[in-house]
Undergrad: 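Right, I'll just put the structure down here and ask away after.
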4 protein chains.
Amino acid sequence: MNSIKLSKGELTKQRLLQSAAKEFAERGYHEAKISTIVSNVNLTQPSFYLYFKNKEAIFQELISHFRKQLIPFVERTYDIAKMPHDEVPQRIQIGLSHLFQFFASDPNLTKVAFYHSEQGEEFRLVMIEMMASIFKHYQEVGLIRSSLFIEVAAEGFIAMLDRFTYRIILTNERDIDTLAKQMSDTFFYGILAERKQN
Amino acid sequence: MNSIKLSKGELTKQRLLQSAAKEFAERGYHEAKISTIVSNVNLTQPSFYLYFKNKEAIFQELISHFRKQLIPFVERTYDIAKMPHDEVPQRIQIGLSHLFQFFASDPNLTKVAFYHSEQGEEFRLVMIEMMASIFKHYQEVGLIRSSLFIEVAAEGFIAMLDRFTYRIILTNERDIDTLAKQMSDTFFYGILAERKQN
Amino acid sequence: MNSIKLSKGELTKQRLLQSAAKEFAERGYHEAKISTIVSNVNLTQPSFYLYFKNKEAIFQELISHFRKQLIPFVERTYDIAKMPHDEVPQRIQIGLSHLFQFFASDPNLTKVAFYHSEQGEEFRLVMIEMMASIFKHYQEVGLIRSSLFIEVAAEGFIAMLDRFTYRIILTNERDIDTLAKQMSDTFFYGILAERKQN
Amino acid sequence: MNSIKLSKGELTKQRLLQSAAKEFAERGYHEAKISTIVSNVNLTQPSFYLYFKNKEAIFQELISHFRKQLIPFVERTYDIAKMPHDEVPQRIQIGLSHLFQFFASDPNLTKVAFYHSEQGEEFRLVMIEMMASIFKHYQEVGLIRSSLFIEVAAEGFIAMLDRFTYRIILTNERDIDTLAKQMSDTFFYGILAERKQN
DNA sequence: AATGAATGAGAATTCATTCAT
DNA sequence: AATGAATGAATTCTCATTCAT
């Protein structure tokens, strides 16, 4: 798909970014070695500096690329608040599934962004914000119970999302859609057999 | 309490461990510097090697200390399965609160163990195991709904626990008991206003 | 004057020499960067090597160009020895002024040649030689006092010339002719109010 | 003389400073290699950083050491202005000789300070200031001719001082006292046989 | 129980220079 | 006449670790 012709240099840069994502994902920022990044692409170290000012720069370029994809993704998700009410649970579940899919589509990048960058927390906060706003909306229209602590629920939701993302990235053991469904079910309905609100 | 007389050497070792926990917590394993660890305790670098074989050794000693406290703690929690049924939700909530308190009692150590060590995942898995076994028990006796996906629920519960632990450690902004209560509530009862199981 | 048509290549070469003079003058040989030299002329690095074998080569070409101008200049100055005696002081002063002007006409080149090249000392020695020979001549004909130490005087004269050249190059604050006059005056008549030779 | 017992570390530091002065004197700041500095003292590179923060730091320590010696030296020289008038020429000559001797006492350091540091010009300016103030004083009391251009003379004097210092440092060929005498003679009495002020 | 002095191994980065086009 | 892409060779600096005392 992305097969617009790239000049040799642009190609090399892409390959360096890929290699860096892998290296950063595996070892974290500080332990990642430029020598590894370049040798995985059959390049010498000085060539690296043809494309990036320094180690920090390639790292930030990765993060920035991730952000450029994540933020619009999140913003689109706000639209869930405009759906017909009876579809909402399913819509959230589908949204969740999409997020998982997005994260799984470039596991190295996701890992770097969430677990090896200082901006990781910022990304989480953005998502928590988003969930809180959705929850709040549906609480107002009565779809979500009034006794729910929105902030805690939103943060809890993202905590689960985060956790299962991590699992998906590390092991390909699970079917993403099923996972989204099961997590949603747990989160929507709670665990108790009969409701006896506190 | 821990005021059994320590020889000077033992005392120095304890101070090194404390200092190391702080340094590892703040910077992670690789970025942590022996020079910082010792200078915070007014010691020279060679002295460090009087007490620990190397950087890895003091790190493992911290982790091992954490494990020695965590595992029994977790094992005791299994007892929740023996409680009278109607107290269970509250019991879980109390257990959660205790865990939070334990983690908050030595934030540096907790941070190192969970977020800077390879064993962090192991600790999480132990806790997930525990929750799964508790949930399973109560599902069998009908306290927990039969449609719940135990594994997902257990992992989700620990994900939340993990997240809020992180928040507690970083910022002292919240009342732990309240947080435990709100998280439990969310988790037990879900978010929807009326139950319409999928 | 130099507007004989230059082929594009010759023009580029001239521009590189100019740019190099500036860069060498500002940073010295070792700190000067080829990358700066070429980028100031909107050229790429490989192009540099179309015109010069290496960094050393362009540097030597600058020095050699300077020498080609300086030596004849100096040789012409020997003619002062053939002047009518009563004009000599003024002639020397005029010669000095011309030298200053010559050096000021291409400050970058002068700076490189005198202060950033190993040949700088050679240039000074040539000028000292010249002054010594002039002084000697006039000492023989009685215009210069017999008690003067020719070598020291010649070297001292060039030392001053050197210093004021440096000032002129760095700051355009002074009127060159006036400076030449004041320096000559100092040098010809000494500083004391009444002569009481030692 | 300086044989107060130095600890091994202090000794090593001194030896590094010596070695650095030599290296900087021979090659200038940028071309000087830490590897050379340490290997001349049979040390490894990391040891260097035990004593100095970086290359810049050892350089500045040399310059600062030079300044600490030069400034008081210069200040003492102001006292020439308080001497009986008929001794002045000789006194200046003696002062000059002392300066030469001081510079010659640590040629490497002098070379670094004057010819390889950005502060070199500052040192020259201080000395020019000093000479100007002395000249001015003696012009006021009639010892120095009123037609002299003080600033130019002072700068010219230091230019000569500078030049002969350079010669002394590079080659041991001359007797310092004689040189001081000859330079003073040239400077005090000028070069012309009979005075015919312009 | 502790320190002064030193080092081996390695990392990022810079720069003149070349090759193929 | 000029460039895109790449590299070899250095160099500074950091850090865990050791040796001798």
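In the text below, chain A, chain B and the rest are named by the order of the sequence lines, each starting its count at 1.
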Undergrad: Return the orientation label for the F24(C) and Y29(C) ring planes: parallel under 30°, perpendicular over 60°, tilted otherwise.
TA: parallel

Undergrad: Quick one: L50(A) CG to dG4(F) P, roughly how many Å, whole number?
TA: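 Checked: the CG to P distance equals 11 Å.
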
Undergrad: Just to be sure I understand the rule, does I34(B) reach a base, reach only the sugar-phosphate, or reach nothing, if contact means heavy atoms closer than 4.0 Å?
TA: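 Counting heavy atoms under 4.0 Å across all strands, the contact made by I34(B) is with sugar-phosphate only.
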
Undergrad: Could you pick out which residue, K33(C) or A32(A), lies toward the 5' side of DNA chain E when each is mapped onto its nearest nucleotide?
TA: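 Whichever sits nearer the 5' end wins; that is A32(A).
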
Undergrad: Atom CG of N54(D) to atom P of dT11(F): distance rounded to whole Å?
TA: 17 Å

Undergrad: Check every atom of dG4(E), dG4(F), dC15(E) against the side chain of P46(B) and return the nucleotide holding the closest atom.
TA: dG4(E)

Undergrad: Between K13(D) and E10(D) (salt bridge meaning N to carboxylate O under 4.0 Å), is one present in this structure?
TA: no

Undergrad: Would you mind reading off the distance between Q45(D) atom CD and dA10(F) atom P, rounded to a whole angstrom?
TA: 14 Å

Undergrad: Would you call the rings of F103(D) and F66(D) parallel, tilted or perpendicular, taking 30° and 60° as the class edges?
TA: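 Correct class here is parallel.
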
Undergrad: Could you tell me how far apart E31(C) (CD) and dA16(E) (P) are, to the nearest whole angstrom?
TA: 10 Å

Undergrad: Quick test of your reading of the model: are K33(C) and E31(C) salt-bridged, counting only N-O distances below 4.0 Å?
TA: no

Undergrad: Report the residue (S35(D) or T12(A)) whose heavy-atom-nearest nucleotide on DNA chain F is the more 5′ of the two.
TA: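 Taking each residue's closest nucleotide, the earlier one in sequence belongs to T12(A).
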
Undergrad: Measuring to OP1 and OP2 of dA6(E), would you say a side-chain N or O of Y51(D) lies under 4.0 angstrom away?
TA: yes

Undergrad: Please determine, for dG10(E), whether a Watson-Crick or G-U wobble partner exists with both distances under 3.5 Å, and give it or none.
TA: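 For dG10(E), the partner nucleotide comes out as dC13(F), under the 3.5 Å rule.
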
Undergrad: Does dA5(F) have OP1 or OP2 sitting under 4.0 Å from an N or O in the side chain of S47(A)?
TA: no

Undergrad: Could you check how far NE2 of H30(D) sits from C1' of dT12(F), rounded to whole Å?
TA: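 After rounding, the reported distance stands at 13 Å.
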
Undergrad: May I ask you to check whether H65(C) and E61(C) show a side-chain donor-acceptor distance below 3.5 Å?
TA: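 Judged by distance alone, the side chains do not pair up.
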
Undergrad: Rounded off to whole Å, could you give me the NZ-to-P distance for the K13(A) and dG4(F) pair?
TA: 15 Å

Undergrad: For dA1(F), which nucleotide is its Watson-Crick or G-U wobble mate, given both distances must be under 3.5 Å?
TA: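 Because no pair has both required distances under 3.5 Å, dA1(F) counts as unpaired.
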
Undergrad: Closer than 4.0 Å, any side-chain N/O of T44(D) to the OP1 or OP2 of dT7(E)?
TA: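 Yes, such a contact exists.
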
Undergrad: Counting heavy atoms from C-beta on, name the nucleotide in dT17(E), dT3(E), dA1(E) closest to the side chain of K8(B).
TA: dA1(E)

Undergrad: How do K55(A) and S7(D) order along DNA chain E: which one's closest nucleotide is nearer the 5' end?
TA: S7(D)

Undergrad: Write down the distance between CG (L43(C)) and C1' (dG4(F)), rounded to a whole number of angstrom.
TA: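 Taking CG of L43(C) and C1' of dG4(F), I get 14 Å after rounding.
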
Undergrad: In whole angstrom, give the distance that lies between atom CZ of F48(D) and atom P of dT12(F).
TA: 9 Å

